[in-house]
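Everything below concerns the one structure shown next.
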Amino acid sequence: MSNLTSKNYIETMFNSIKRYDYEPMYFLSYEQNICYSEIFVNDIPVNKNFTEVVNGGTFEINNYIFKSGTQKVTLRLYAIGKTKDFDFPALAKDTDMKIEITEANNKNRDIKGKEVATYVTPLDVNVDAEGYKTSKFKFTGQKYVELSFTFEAKVPYEFTSLDKARDLSKLKKDILEEKVVDFYKNQWNILNEKRKDDFFSYLDLKERETCQSLFYNKDELQGTLQAYLEPFVINDYKLEPLENYQLKLYGAGKIVCLELLSLDSRLRGESAIWGKYKEEGGTMATFRKYYLYIPEGENELKIIR
């Protein structure tokens, strides 16, 4: 816990961010076809899609780049199965995903960034006796495949928190799960009882690293603050019970969290702490995921992302 509160959040974070002549921002853009997917950067989940057969998007990934050097991107592709409109029990011959990594200057985001890396899922190519060429997704017929590639990043900051983290995969699973569940229960109670300052006191490390890596300005800090305050200021916000979850390890075994144990496309892979509220047009759901770690020489979990 720290002295961070909702009232001093913007000034504290703004004053902690170092500024540079060049502030590199890394973006990941993806396009996928006839599959569901998860994307990880340095073994931390950054995007999931279990709802759209064809999908794409672009998002920042600095928050998952801890220091300069080689960064690893992992993609997991899943067969769609049977839905209302489709029936693909296995990955199809037309399944594919393309990922592009680009770099831009935070101070000139309107200028198109430079391409850093491009990855396209592999194909099996066949040429018949007449020279006619056909191709199909290399893993056609499988229900799931995991692929990866790397790229080089150069950033002006360096976070050593994970370098100095315990390997949680070496702990007994029941002991680790008990610690993680206790942490989540405490956070659930803090949100449920609307103890706003207690909530912010746990965010110091996460926010200092996140805000630095993304070179936030005050408007962006204000937007983050408003998102954090939703459970405290929305009158009909109601937490769902903390149940039906599973323990998940990421970050090469150094990061842990609780995710919902559900195959519902809207809930799959989401945080075990979540709530709902009414908004014009329907019901909105928000998920509060905590990626936790334990520093070397310590026993208590801390929020790292």
Side-chain angles (χ1 to χ4, degrees), residues 24-66 70-81 83 88 91 95-104 109 113 115-122 137 139 143-151 153 155 162 206 209-210 213-214 216 220 223-224 227 246 248-252 255-274 284-292 303-305:
M25 289 291 297
Y26 288 89
F27 296 87
L28 186 152
S29 301
Y30 77 99
E31 299 174 1
Q32 70 177 65
N33 188 41
I34 315 182
C35 61
Y36 293 148
S37 69
E38 291 179 291
I39 302 174
F40 303 75
V41 173
N42 294 323
D43 198 33
I44 304 175
V46 298
N47 191 76
K48 71 179 185 70
N49 166 45
F50 293 108
T51 58
E52 301 296 331
V53 175
V54 178
N55 200 25
T58 299
F59 45 87
E60 306 154 338
I61 57 173
N62 281 47
N63 193 21
Y64 309 97
I65 297 174
F66 288 73
T70 303
Q71 319 297 322
K72 184 178 181 181
V73 178
T74 302
L75 50 147
R76 296 176 179 171
L77 306 184
Y78 301 86
I80 296 162
T83 68
F88 289 101
L91 295 169
T95 294
D96 62 50
M97 175 178 274
K98 178 181 179 181
I99 295 179
E100 290 185 341
I101 307 296
T102 56
E103 177 190 339
R109 291 195 185 189
E115 183 179 308
V116 175
T118 299
Y119 177 85
V120 180
T121 46
F137 178 55
F139 302 98
K143 294 183 180 298
Y144 160 82
V145 66
E146 179 174 311
L147 304 163
S148 63
F149 68 97
T150 61
F151 70 94
V155 293
L162 273 190
K206 170 187 182 298
E209 291 191 354
T210 297
S213 67
L214 295 170
Y216 274 168
E220 289 163 326
T224 301
Q246 60 181 333
K248 297 288 286 188
L249 287 172
Y250 296 112
I255 292 174
V256 66
C257 67
L258 291 183
E259 292 180 354
L260 291 173
L261 185 61
S262 174
L263 292 180
D264 185 319
S265 61
R266 298 166 298 177
L267 303 178
R268 185 173 175 181
E270 294 287 4
S271 175
I273 292 183
W274 64 298
M284 301 294 292
T286 60
F287 299 87
R288 183 66 64 206
K289 180 164 282 188
Y290 299 93
Y291 289 121
L292 310 174
I303 302 174
I304 190 167
R305 288 294 182 271

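Atoms considered below: every heavy atom in the structure, side chains included; atoms not considered: hydrogens, waters and symmetry mates.
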Exercise. Is it true that a side-chain atom of Asn47 and a backbone atom of Ile39 form a donor plus acceptor pair closer than 3.5 Å?
Worked result: no

For this session: Decide yes or no on side chain to side chain contact (heavy atoms under 4.5 Å, CB included) for Ile101 and Phe149, but give the supporting numbers first.
Result: CA-CA 11 Å; Ile101 307 296; Phe149 68 97; 4.2 Å; yes

Gap separating the [atom1] atom of [X] from the [atom2] atom of [Y], nearest 0.5 angstrom:
X	Y	atom1	atom2	answer
Thr95	Met97	OG1	CE	10.5 Å
Leu162	Arg305	CG	CZ	7.5 Å
Leu267	Glu259	CG	CD	12.0 Å
Thr210	Tyr64	OG1	OH	7.5 Å
Lys48	Asn55	NZ	CG	11.0 Å
Thr74	Ile44	OG1	CD1	11.0 Å

Compare every heavy atom of [Y] with every heavy atom of [X], then report the nearest pair and how far apart it is.
X	Y	result
Asn49	Thr51	OD1-N, 3.2 Å
Asn62	Ser213	ND2-O, 3.0 Å
Gly113	Ala104	CA-CB, 3.9 Å
Cys35	Leu77	SG-CD2, 4.1 Å
Leu91	Phe139	CB-O, 4.0 Å
Glu115	Glu100	OE1-OE2, 4.3 Å

For this session: Let me see the working for Phe137 and Val145 under side chain to side chain contact (heavy atoms under 4.5 Å, CB included), right down to the final yes or no.
Result: CA-CA 11 Å; Phe137 178 55; Val145 66; 4.0 Å; yes

For this session: Kindly determine whether Ile303 and Leu292 satisfy side chain to side chain contact (heavy atoms under 4.5 Å, CB included), including the steps that lead there.
Result: CA-CA 5 Å; Ile303 302 174; Leu292 310 174; 3.7 Å; yes

For this session: Walk me through it: do Phe40 and Lys72 pass the test side chain to side chain contact (heavy atoms under 4.5 Å, CB included)?
Result: CA-CA 8 Å; Phe40 303 75; Lys72 184 178 181 181; over 6 Å; no

Between [Y] and [X], is there a side-chain heavy-atom distance shorter than 4.5 Å?
X	Y	result
Glu60	Leu214	yes
Asn63	Glu209	no
Pro122	Leu147	yes
Tyr30	Leu75	no

Exercise. Is Glu146 paired with Arg76 through a side-chain N to carboxylate O contact shorter than 4.0 Å?
Worked result: yes

Exercise. Are Arg268 and Tyr78 in a cation-pi setup, meaning NZ or CZ lies under 6.0 angstrom from the ring centre and within 45 degrees of the ring axis?
Worked result: yes

Exercise. Just checking, any donor-acceptor pair under 3.5 angstrom between side chains of Asp96 and Thr121?
Worked result: no

Exercise. Taking the six-membered ring for Trp, are Phe151 and Tyr119 ring centroids under 6.0 Å apart?
Worked result: no

